[in-house]
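In what follows, every chain begins at residue 1, and chains take the letters A, B, ... in the order their sequences are listed. For the numbers below, each heavy atom of this structure counts, side chains included, while hydrogens, waters and symmetry mates do not.
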Number of protein chains: 2
Amino acid sequence: MKQGLSQPELTACIVGLGLMGGSLAAAWRLAGWPARIVGVNRSPAALADARAAGVIDCGTTDLAEGLAGADIVVLATPVRTILRLLPQVARAAKAGALIMDLGSSKREICAAMADLPGEVQPIGGHPLCGKETTGFGASDASLYRGRPFVLCPLSRTADATIRLAEALARAAGARPVLLEPAVHDRAVAAISHLPYAVSAALAGTVADGGDPLAWSLAASGFRDTSRVAGSDVDMMLDTLLTNRQAVLEWLDSFDEALAGLRNALASGDDERLRARLTAAREGRLAIAQAAGW
Amino acid sequence: MKQGLSQPELTACIVGLGLMGGSLAAAWRLAGWPARIVGVNRSPAALADARAAGVIDCGTTDLAEGLAGADIVVLATPVRTILRLLPQVARAAKAGALIMDLGSSKREICAAMADLPGEVQPIGGHPLCGKETTGFGASDASLYRGRPFVLCPLSRTADATIRLAEALARAAGARPVLLEPAVHDRAVAAISHLPYAVSAALAGTVADGGDPLAWSLAASGFRDTSRVAGSDVDMMLDTLLTNRQAVLEWLDSFDEALAGLRNALASGDDERLRARLTAAREGRLAIAQAAGW
């Protein structure tokens, strides 16, 4: 993964050392590239942990201080924080700096990036990986390995910037995938935001049922189906609200599918219920194959 | 786990050598008790595999042949097959035999067991474990380890039978839990049958969307939320249809919870959406704690 001597000695600044930012720092450190990694974080505790783990060279709570001298800026915060930080980052970044984010929705971020001054080189990013545990303590150098890392270049993004962003994704062990923001947002609404909403509604329903006996019997089926309900609320709140239309459309389709199942069950229609369950099982196998798990 | 010389040299007959029956045979064989294990299965292939793996002493496709001489009979088939087999089993079983099942719903089975002739000793059973892969090939001697194994004695079930059933659950590595059938059925509707219905509707929705790009991006969140949609259709069809009322009630609660999330999202109500997502996250943590994962 080491990029060799042909690559310049670049400095990257990661803003937000949570699960995603911390794991990116750890993966890049393992790859030995970019050469220098600076961390910016609101809380000093994660900075101290990241320095102690050796995954950043230095850390600061001051955004402008962290950005000074950075060739690459990665915004690894919830989406609406990214939207809020972008203008500040563009003002403080050095001329020609690549500005990327890791946000889970891309349309609003890429639209905001289009308005940044011409001195910076913005590109949207979204690595398709994660887990339901949060914070730097949960970070993991292998989190990005083998995963798709969506990149959304703007029309203004230079080819050299796209190639650098692809190299940065590969250095983390990921597989770069170039997509239009709207195409990305509709796709992740289906395979990430809808499952999260469904998982949260499931966990909420069973928790509200208030039946400790049922809870004590909960096995791997419930554990896995409800797992993403444990995701970071700030992150998911921003994600849903900035991808509202696509998520609402998938929720409509889901409602229809569940109502179909429900009606077949309520009427005891054996054949119709079997057909729906079989289609779901086969559909899941097809998706697993396409996803490569 | 070995029960020692104080236990009689019992013969167990497991009817159905799929994931659950095959894993039970493997776990008992590892524990060295019951002494002799006979397998009954519709397809000879699984019998040959189970003999080759050394987890059964002998196998047959003939129910009556398998039951001859068995002190313990375990019906490890889908629920409606159990209901169909029970009268045949009771006729062919030896006097005093314990007759247990592993079905995922208990009310209909225990009601049918109450009608069996007085010569047999029926008790309902449901081990809370599983995975989405099916068949003897997926069986695993550790599947039951540490898991709750619900037992539903009838009013006619002798104390000695209850104690024997508990010892059989423990020999598989599981933790026996005595419950009323109706209490069991409502609890598992929440933590097993509802998650399955939701997972199947999710997999069906995203598969119907027919977007191979979205599929290729599917990460661990989708994989886990949709995992139980891959469960054996025959097993789950029977489970849902024999626990219909409880499942429909939980589906109503789920619909309400999802509609609440949806409305908060559609209206862009940040605080209401945050409150629901936070409650879901905390509820999931409480359930995880009660379940001991």
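Pairs engaging residues 186-204 of chain B under the salt bridge (charged side-chain N to carboxylate O under 4.0 Å, His left out) rule: B/R186-B/E249 [sequence neighbours left out]. Sorted by first and then second residue, the pairs that involve residues 217-226 of chain A and meet salt bridge (charged side-chain N to carboxylate O under 4.0 Å, His left out), not counting sequence neighbours, are A/D224-B/R227.
In this structure, the side chain of A/W250 does not engage the main chain of B/T205 through any donor-acceptor pair within 3.5 Å. In this structure, the side chain of B/R262 does not engage the main chain of A/L251 through any donor-acceptor pair within 3.5 Å. Side-chain atoms of B/R281 do not come within 3.5 Å of backbone N or O of A/A229 as any donor-acceptor pair.
For A/T278, the parts sitting under 4.5 Å from any heavy atom of chain B are the backbone and the side chain alike. For A/S267, the part lying under 4.5 angstrom from a heavy atom of chain B is the backbone only. The contact between A/I287 and chain B is made by backbone and side chain atoms together, counting heavy-atom distances below 4.5 Å. Heavy-atom distances place both the backbone and the side chain of A/D252 under 4.5 Å from chain B. With a threshold of 4.5 angstrom between heavy atoms, A/A279 does not approach chain B through any atom at all.
In terms of heavy atoms, A/A218 sits closest to B/W293 at O-NE1, 3.1 Å.
Contacts with chain B were tallied for A/L128, A/L237, A/V228, A/V188; A/L237 has the most, counting heavy-atom pairs under 4.5 Å. Options A/A288, A/G292, A/A197 differ in how many heavy-atom pairs under 4.5 Å they form with chain B, and the most are formed by A/A197.
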